[in-house]
Amino acid sequence: MKTTVIQVQEVENEIEISYFGIQLVNHLTYTVKDGNGKKYNLTIIHDSTYAIFENGTLRFSKPVKLGTYDR
């Protein structure tokens with residue numbers, strides 16, 4: 001029996017990212033940590049909310065709810 005196999009090579013490249021957007025899941029809670037190591041709960045309250053990394057900063061496309069970490 002013959003079959004076709006696709007061979008994939010791993011190529012390592014280093015790039016500088018200036019923009020990166022990730023769609024967050026509505027009504028999920030994410031754990032975030034500030035620069036001092038304190039944890040917070042970040043809850044997504046609007047559909048189609050994105051976490052956007054742009055030119056070294058992180059922002060959200062819509063308001064999010066920030067609460068105390070309770071675990």
Side-chain angles (χ1 to χ4, degrees):
M1 179 172 92
K2 289 186 177 183
T3 187
T4 301
V5 177
I6 300 171
Q7 183 176 357
V8 178
Q9 279 187 311
E10 184 176 320
V11 178
E12 186 174 319
N13 287 324
E14 186 173 310
I15 61 171
E16 186 172 329
I17 296 174
S18 64
Y19 180 88
F20 185 59
I22 301 170
Q23 185 172 7
L24 303 173
V25 178
N26 191 28
H27 298 296
L28 275 188
T29 298
Y30 297 88
T31 302
V32 297
K33 194 186 302 184
D34 69 10
N36 296 322
K38 186 173 179 182
K39 292 182 180 180
Y40 298 90
N41 287 330
L42 183 75
T43 304
I44 309 309
I45 54 178
H46 297 285
D47 289 334
S48 300
T49 299
Y50 288 82
I52 300 167
F53 174 80
E54 187 171 25
N55 297 321
T57 61
L58 180 69
R59 65 183 175 86
F60 299 96
S61 62
K62 295 182 180 174
V64 295
K65 181 181 175 183
L66 188 66
T68 57
Y69 182 74
D70 55 359
R71 292 193 181 121

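This one's a predicted model, so the numbers in the text were calculated from it and none came from an experiment.
Under a hydrophobic clustering in which Ile, Leu, Val, Met, Phe, Trp and Tyr are joined whenever their side-chain heavy atoms come within less than 4.5 Å, directly or via other members, Ile15 and Val11 fall into different clusters. Residues Leu28 and Leu42 share a hydrophobic cluster, clusters being chains of Ile/Leu/Val/Met/Phe/Trp/Tyr side chains in contact below 4.5 Å.
Residues meeting the side chain to side chain contact (heavy atoms under 4.5 Å, CB included) test with Asp47, sequence neighbours left out: Asn26. For Lys38, the side chain to side chain contact (heavy atoms under 4.5 Å, CB included) partners two or more places apart in sequence, or in a different chain, are Asp34, Tyr40.
For the residue pair Ser61 and Ser48, the shortest heavy atom distance occurs at OG-O, 3.7 Å.
The closest side-chain donor-acceptor pair between Thr29 and Thr43 falls under 3.5 angstrom.
Lys65 NZ: 12 or fewer foreign heavy atoms inside a 6.0 Å radius.
Between the NE2 atom in His27 and the CD1 atom in Ile45 there is a gap of 9.0 Å [rounded to 0.5 Å].
Asn41 places no side-chain N or O within 3.5 Å of a backbone atom of Thr31 that could act as its donor or acceptor partner.
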Would you list the atom pairs, donor with acceptor, under 3.5 Å between side chains in residues 17-25 and any protein atom, with sequence neighbours excluded?
{"from": "Gln23", "atom 1": "OE1", "to": "Tyr50", "atom 2": "OH", "distance (Å)": "3.4"}

